[in-house]
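Okay, structure first, notes after.
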There are 2 protein chains.
Amino acid sequence: MAPRTRTRGVTLEDIAQRVGITRAAASMALADSTRISEKTKRAVREAAAELGYVPNSAGRALRRQRAGAIALIVPNTSHHVFGHTYFMHVLTGVSSSANAHDVQVIVSTNADEAGRASAFERIIRSGTADGVIVTAAPVDDANVETLVASGLPVVLLGNFPYLPEATSVGADDVAASRLVTEHLLTVHGRTRLLHVSGPLDHQTGIDRREGFLAALAGHGLADEAWVVEGDMSEESGAAAVVAALDSGRPFDGAVFANDDMAFGAMQVLRARGLDVPTDVAVVGFDDFGLARTTTPGITTMRVSAEQMARIATDTLFAILAGQQAGPLHQELPVQLVTRDSCGCPAPFPRGQAAAPWADTAVTP
Amino acid sequence: MAPRTRTRGVTLEDIAQRVGITRAAASMALADSTRISEKTKRAVREAAAELGYVPNSAGRALRRQRAGAIALIVPNTSHHVFGHTYFMHVLTGVSSSANAHDVQVIVSTNADEAGRASAFERIIRSGTADGVIVTAAPVDDANVETLVASGLPVVLLGNFPYLPEATSVGADDVAASRLVTEHLLTVHGRTRLLHVSGPLDHQTGIDRREGFLAALAGHGLADEAWVVEGDMSEESGAAAVVAALDSGRPFDGAVFANDDMAFGAMQVLRARGLDVPTDVAVVGFDDFGLARTTTPGITTMRVSAEQMARIATDTLFAILAGQQAGPLHQELPVQLVTRDSCGCPAPFPRGQAAAPWADTAVTP
DNA sequence: GCACGCTGCTGAATCGATAAAGCAGACCGA
DNA sequence: TCGGTCTGCTTTATCGATTCAGCAGCGTGC
């Protein structure tokens, strides 16, 4: 971005000249100060409307020491995270809260790992944004730790039990995973279960595995625990099931840490001539869109990423307003949504058009 | 956003004091000016690193009269557009180009219709962003017209034949729709075709219908043209097919203006005991993700929204750099991706795991 | 031996908005 | 009639970064 003949913008000075006052008075008039007469205020507002005045945000930000913007940061530039449907829901949630506060949303990937300061810090220290929401940070991300330690206004999406000083909003993954696993155990009587986890350097992967193990333990099946690590991708779900099948060890149910992996797995199972749910009952996690559209539909734990993001953003605004002092951890409940893949009676007879809103939802 | 004890940031003044020069010299040193000695530059760079100096973006923007940011604007706050997978692809494309130019991306919905100036204008006139990318604007959006007329740096996503002064990047929807329709006509010998269009106040809806009609006309079937208007939602696709079936008029193929509607329709067809593709061959449009995961997979025209967005953003930067003078219209080709829903032999025998990359792609 | 040019900085101005202090004139009560 | 309070502005300073005109001091050419 270099030259360009830019149309000079309309400033307060222009309004002031037009009305015959100083720009300070114009500013006060637009701010509806009690120290300005109604008559002048009217004149200023009229002039502003006629000239199409829009306050310059850099000028305002500089003076107020506040950018009027927050940033949504995605640590790994990895296409996987950024391109995921999850992100769309998060963005929707953040936007709706930000709009309500009349604040801009900056979306940023942590591209400049090279520089000493992480994208988080740069963006806050430069005053580009007043605070940040960080999504999908891995457990070992040092940047997140230093950021939290620096005391800047940040809210993390997800759970960070090892960062007690951090403010975060996550889903109750352990309880959720335990619930969906127990669904397979008790409702469908499946006892030989496989778990394909998420990457174990993300808290989500750890927690969902823990919930799975807890459910097994609760049924005296701790010794039967069988976990394969995936990476949340469709391919890794497929690969995990290929490996499981080839190992020869039998299983009649599988709990996946997300729907993408469950979908990848279902394709493999079908290709091997195994029926879902008859031969293997499958459950996923997230319900960000995919689970509803596959055949069979995937039974899953619905995580409202949008709600999480909205709460996180509201919390960020509370922090910025000085209404939230110490660190705060919020965990949202998660909802079991049953579909065909676990063997539950489909909400509508198989093959009949099932409306999206017709899924059976059970709140834990 | 009100009070808050903010840690005072590190400014040029701090660096200058530390090194024992003025802040002007410090600025020039960091800019690698030839008028500053190597020794001083080194000292300044060291001090900057030690203090963790990050230039204040408001100060810089104010002085340079350039924000260092661009905005991605979504006109309708309608959840449908914002929540659509399409948007994710667009954001990915815009981000990648913006990152390459070291510029921030602001995501904005056109929330304040109430105000006189549209979100587009406000955001540019306030200097918050140096230019904007506008997605999914309806044909009758007056804001877009005034914006284009105002000569501000804007690139529209989509085709705007009625706005010759606009710079835009779109897909060749007419050719694409014609191609996919002809696929049904010639490859699969379907002649009684239904088209479920998108909303006809969007150019996309108009163009895809036109391509459909052109294909029919090319085969002497102009009189057989049967078009129902949908709104790109799954529900409207389902409703359109319900109406078509109930009308009693037979059809053996259906062309949908996007994959969501095709999916909604397939559910209805299945519920009515009709097989896709045997009884009705179905084709969709977009291939943003859904089409690959349904059963049967949906044959569709792949539109690379990400590429479109990247090109649009690159074009915006060219405009900002003064390298692009007049309006420029770019139309990208679109790719036919055959899957099961049209009756094409599946790339892999039905029921076998089909890897995502194994779809058959045909470039028009 | 002196003007001239170069090097390497300083000083001052600017970008636009806004907060705080200041200052006329009107008005009021005593 | 005079101190005092309002009203309705104006003046001035500030937020950080950057640019441009100056201006010392030094070396060089003739």
Side-chain angles (χ1 to χ4, degrees), chain A residues 1-4 6-44 47-48 51-68 122 124-128 130, chain B residues 1-4 6-44 47-48 51-68 122 124-128 130:
Chain A
M1 306 225 291
R4 191 191 138 75
R6 186 172 301 307
T7 333
R8 207 159 211 351
V10 178
T11 71
L12 271 182
E13 185 64 43
D14 300 323
I15 295 182
Q17 277 188 18
R18 176 118 159 191
V19 177
I21 53 176
T22 62
R23 61 175 184 284
S27 174
M28 294 167 78
L30 289 175
D32 203 25
S33 158
T34 55
R35 306 298 303 268
I36 300 289
S37 72
E38 276 308 321
K39 187 167 153 246
T40 304
K41 281 187 196 170
R42 238 192 322 277
V44 167
L51 296 174
Y53 171 74
V54 179
N56 178 290
S57 59
R60 173 174 284 182
L62 185 55
R63 178 63 229 238
R64 289 197 180 161
Q65 295 290 296
R66 209 179 322 129
R122 296 190 67 79
I124 295 189
R125 291 203 191 283
S126 70
T128 303
D130 301 316
Chain B
M1 306 222 288
R4 190 190 139 76
R6 188 172 299 310
T7 331
R8 209 163 209 348
V10 178
T11 72
L12 272 181
E13 187 63 43
D14 300 323
I15 295 181
Q17 277 187 18
R18 176 116 159 192
V19 177
I21 52 177
T22 63
R23 60 176 182 284
S27 175
M28 295 167 78
L30 289 174
D32 203 24
S33 158
T34 55
R35 306 298 303 270
I36 300 290
S37 72
E38 276 310 318
K39 187 168 153 247
T40 304
K41 282 187 197 171
R42 236 192 324 276
V44 167
L51 296 174
Y53 170 73
V54 179
N56 178 289
S57 60
R60 172 174 284 182
L62 184 56
R63 177 66 228 237
R64 289 196 181 161
Q65 296 290 293
R66 208 180 323 129
R122 296 189 68 78
I124 294 191
R125 293 203 191 282
S126 69
T128 304
D130 301 317

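The analysis underlying the following values was restricted to heavy atoms, covering all of them including side chains, and did not include hydrogens, waters or symmetry mates. Quick caveat, the model's predicted, so the values are computed rather than measured. Every chain is numbered from 1, with letters handed out A, B, ... down the list of sequences.
For B/R63 against D/dG16, no side-chain N or O and base N or O form a donor-acceptor pair under 3.5 Å.
Each end of the helix from C/dG1-D/dC30 to C/dA30-D/dT1 yields a helix axis from five base pairs, and these two axes differ in direction by 60° (to the nearest 10 degrees).
Nucleic acid contact class of A/T34 (heavy atoms, under 4.0 Å, all strands): none. If you check every strand for non-hydrogen atoms under 4.0 Å, A/S57 touches nothing. Base contact: A/R35 has a heavy atom under 4.0 Å from a base atom.
Computed from coordinates, the A/L30 CG to C/dG16 P distance equals 16 Å when rounded to whole Å. Rounded to whole Å, the distance from CZ on B/R60 to C1' on D/dC15 is 16 Å. A/K41 has its NZ atom 12 Å from the P atom of D/dT7, to the nearest Å. The distance from atom OH of B/Y53 to atom P of D/dG16 is 10 Å, rounded to the nearest whole Å. Rounded to an integer number of Å, the gap from A/R42 CZ to D/dG8 C1' is 15 Å. Put simply, CG on A/D32 is 14 Å from P on C/dA19, counting in whole angstrom units. As a whole-Å value, the separation of B/R64 CZ from D/dC20 P is 13 Å. Rounded to whole angstrom, the span from the CG atom of A/L62 across to the P atom of D/dA13 amounts to 17 Å.
OP1 or OP2 of C/dC15 has not a single side-chain nitrogen or oxygen of A/T11 nearer than 4.0 Å.
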Pairwise N/O distances under 3.5 Å, protein to nucleotides 10-12 of chain C:
unit_1: C/dT10; atom_1: OP2; unit_2: B/T22; atom_2: N; d: 2.9
unit_1: C/dT10; atom_1: OP2; unit_2: B/T22; atom_2: OG1; d: 3.0

Polar atom pairs (N or O), protein with nucleotides 24-26 of chain C, under 3.5 Å:
none

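B/A26 and B/I21 get closest at one heavy-atom pair: N-CD1, 3.7 Å. Of all heavy-atom pairs spanning A/G9 and A/D14, the tightest one is O-OD2, 3.8 Å.
Between the B/D130 side chain and the B/R66 main chain, no donor and acceptor come within less than 3.5 Å of each other.
Looking at heavy atoms from C-beta onward, A/N56 lies in side-chain contact with B/L62 at the 4.5 angstrom threshold. Between A/V44 and A/I36, the closest side-chain pair of non-hydrogen atoms is not below 4.5 Å.
Of the listed nucleotides (D/dC9, C/dC9, D/dC15), D/dC15 has the atom at the smallest distance from the side chain of A/Q65.
Screening residues 18-28 of chain A for salt bridge (charged side-chain N to carboxylate O under 4.0 Å, His left out), with sequence neighbours left out, gives A/E13-A/R23, A/R18-A/E50.
When the side-chain contact (heavy atoms from CB on, under 4.5 Å) test is applied to B/A61, the partners found at least two apart in sequence or on another chain are A/A58. With sequence neighbours excluded, the residues forming a side-chain contact (heavy atoms from CB on, under 4.5 Å) with B/T128 are A/S57, A/Q104, B/I106, B/I123, B/S126, listed by chain and number.
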